[in-house]
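The next block holds one structure in the form of structure tokens; read it before the comments.
Any value given below was found using the heavy atoms of this structure, including those in side chains, with hydrogens, waters and symmetry copies removed.
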Amino acid sequence: MTWLTVALVLVVVAAGLLRWRRPAWYWITFGVTLATLRVLVRYASVMDACGLTVPPSRWRLALARAANRPAPGPRAPRILRIRPTRTGLVLRLGLRPGQDAFDVAASCDRLRHSFALYGVTSRELRSGVVELRMTGYDVLKRVQMPATTDTRPMRVPVALREDGAVHYRDYRAVPHALTLGATESGKSVYQRNLVAGLASQDVALVGIDCKQGVELFPLARRFSALADNPDTAADLLDALVAHMEDVYHLIRAEQRITADVPDAEIAADIWSLPEDLRPVPVVVLVDEVAELALFANKEEEKRRDRIITALARLAQLGRAAGIYLEICGQRFGSELGKGITMLRAQLTGRTAHRVNDESSANMAFGDIAPDAVLAAIQIPTDLPGVAITGDSTGGWARIRAPHTSLRQAVNTCNRHADLAPDLPALAPFRPALGIPKPVDAPAVEAIPATA
């Protein structure tokens, strides 16, 4: 009996240490079993307390009266499936007649407290079926991406959602995106994860970094074109517009619309072309868009209008030609001048890291997901990398990208440097990758000795 008590104490102590220092390990070893039992035991009472039950149907009441039995109680949604994951539980519920998925979504916070879990989110899978994703610990405090992810062409994992799911950047589904955030909010890390994910794919990377290239030029071996000042950026964007027009000419030449051509084979974008004729897709990364929109004199104003016009044309017409925009900045409001709001309207994907004011959050989500504005301004300063992401559907989620150092991103880009395609239209802007010359240093004898 003494040894059993000692073993039990050691197990409890080990569980407490794991929960404190390694919550992910605790969840896998102890938490998932305890949480599953807790959900199954408390399910009926919790649903009743949260108002997620419906009165018994008339035929059940009539059957109870006919059999002289007690009247049946209220009925909770049916548990269709409960599945443990590496971060929590997935509970699939079948709603009773008269219930609404909105009622379940409104009760997520009460369900979180009742089941003693860290977070609960809900989404409607189809009519009458709701999925609850429960997390057993704070997955965004220490981001650990799963070992295997569902990576596809033009679809890369970049962050982890608060419900434990992987957040993907899918360019085929969301062609253009806007990323906002204050200084030291985690935009650069998010961008590095994006570049590192695209480095191994058959895609041309084009960068515009007007901070003299300090963010993107270390990754130059994987880029097909780079610009480090507004003048070069204007010429580069004009070259991209010309490349887009050439791609459209190719698509038009390959359509061959005749009566015997099946509908599925009529080309309307580069993905409808045969693989041997398909141009390589292009992802354009703009590090700080405000530097392209600011001007101080008439000449700079003309350059600014030229840049914004080119970006707007690429945002409106570039998807079918395989050109995708990834625009980053601290602010992206109408104070940047004419054409900015038109450009922003074309950027379907929105991601906002910590911002300094509510108006900056409104620039990202005010027109698509007003509920996400409050969440964006509540991101704490001690959690860099935490962001709110949303799209034109109105849905949003809290995410955090894993920390990727600049050295790790550089190593990834250098490893896949042979995949950087040569595009004739962008050849003048391809970064020069010569061997750096040694810096002259004074000889040891020339250094004055100190007494």
Side-chain angles (χ1 to χ4, degrees), residues 153-154 156 169 171 175-177 179 188 191-192 194-250 270 278-289 291-293 303-304 306-329 343 347 406 409-410 412-434 436:
M154 302 306 297
V156 295
R169 179 68 178 94
Y171 288 94
H176 313 301
T179 303
S188 298
Q191 192 177 63
R192 289 173 200 161
L194 192 60
V195 174
L198 291 170
S200 60
Q201 298 201 10
D202 186 18
V203 59
L205 299 180
V206 175
I208 298 177
D209 182 5
C210 291
K211 293 187 296 185
Q212 297 301 313
V214 295
E215 293 289 349
L216 296 180
F217 270 73
L219 316 174
R221 294 187 180 276
R222 183 56 184 86
F223 276 74
S224 298
L226 280 170
D228 62 353
N229 59 79
D231 291 325
T232 308
D235 297 334
L236 174 56
L237 290 173
D238 288 341
L240 280 170
V241 172
H243 171 72
M244 177 182 68
E245 294 174 353
D246 292 339
V247 173
Y248 278 126
H249 288 315
L250 173 64
I270 66 168
R278 183 183 302 159
V280 63
V282 180
V283 176
V284 183
L285 297 105
V286 180
D287 185 68
E288 183 53 67
V289 68
E291 288 298 320
L292 300 177
R303 181 194 64 199
R304 179 253 177 219
R306 179 179 156 203
I307 289 174
I308 299 302
T309 301
L311 283 174
R313 293 187 65 189
L314 291 174
Q316 292 176 0
L317 308 174
R319 182 207 60 83
I323 299 177
Y324 308 101
L325 298 182
E326 197 75 35
I327 297 181
C328 301
L343 174 59
L347 306 177
L406 185 58
V410 168
T412 301
C413 289
N414 291 345
R415 191 181 311 118
H416 301 287
D418 58 317
L419 298 179
D422 291 319
L423 300 181
L426 306 181
F429 309 97
R430 189 171 181 87
L433 302 174

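Contact detail for Val282 and His243: the closest heavy-atom pair is CG2-NE2, 4.2 Å. The nearest pair of heavy atoms linking Arg221 to Asn414 is CD-OD1, 3.0 Å. The minimum heavy-atom distance linking Leu292 with Ala233 is given by the pair CD2-CB, 3.8 Å. Here the shortest heavy-atom pairing between Val195 and Cys413 reads CG1-SG, 3.7 Å. When all heavy atoms of Ser200 and Gly197 are compared, the pair lying nearest together is OG-O, 3.7 Å. In plain terms, the two heavy atoms of Cys328 and Gln191 that are nearest each other are SG-NE2, 3.7 Å.
Residues forming a side-chain hydrogen bond (donor to acceptor under 3.5 Å, both in side chains) with Arg415 (at least two apart in sequence, or on another chain): none. Looking at residues two or more places apart in sequence or on another chain, you find a side-chain hydrogen bond (donor to acceptor under 3.5 Å, both in side chains) between Asp238 and Arg306.
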Contacts table for residues 222-229: side-chain donor-acceptor under 3.5 angstrom, sequence neighbours left out:
from, atom 1, to, atom 2, distance (Å)
Arg222, NE, Ala199, O, 2.8
Arg222, NH1, Val203, O, 3.2
Arg222, NH2, Ala199, O, 3.4
Arg222, NH2, Gln201, O, 2.8
Arg222, NH2, Val203, O, 2.9
Ser224, OG, Pro421, O, 2.8
Asn229, OD1, Asp231, N, 3.2
Asn229, OD1, Thr232, N, 2.8
Asn229, OD1, Thr232, OG1, 3.0
Asn229, ND2, Thr232, OG1, 3.1

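Taken from CZ in Arg192 to OG1 in Thr412, the straight-line distance is 12.0 Å, to the nearest 0.5 Å. If you take NE2 on His416 and CG on Asp202, they are separated by 13.0 Å, rounding to the nearest 0.5 Å. Considering CD1 of Ile270 and CZ of Arg319, their distance stands at 9.5 Å, rounded to 0.5 Å. In this structure, the separation between CG on Leu198 and OH on Tyr171 is 5.0 Å, given to the nearest 0.5 Å. Rounding to the nearest 0.5 angstrom, the gap separating the CG atom in Leu343 from the CD1 atom in Ile307 is 12.0 Å. Between the CD1 atom of Ile208 and the CG atom of Leu311 there is a distance of 6.5 Å, given to the nearest 0.5 Å.
Shown are Leu423, Leu325, Val284; of these, the side-chain contact (heavy atoms from CB on, under 4.5 Å) with Leu240 is made only by Val284.
Side-chain atoms of Glu288 and Glu215, non-hydrogen and from C-beta on, never get closer than 4.5 Å to each other. A heavy-atom distance below 4.5 Å is found between the side chains of Asp287 and Lys211. Contact of the Leu194 side chain with the Val283 side chain is not registered, since no non-hydrogen atoms from C-beta on lie closer than 4.5 Å. At least one side-chain heavy atom of Val241 sits under 4.5 Å from a side-chain heavy atom of Leu314.
For CZ of Arg304, the number of neighbouring non-hydrogen atoms (other residues, nucleotides, ligands) closer than 6.0 Å is greater than 12. Heavy atoms of other residues, nucleotides or ligands lying less than 6.0 angstrom from CZ of Arg313 number 12 at most.
A distance-only check finds no donor-acceptor pair linking the side chain of Tyr324 to the backbone of Met154 [under 3.5 Å].
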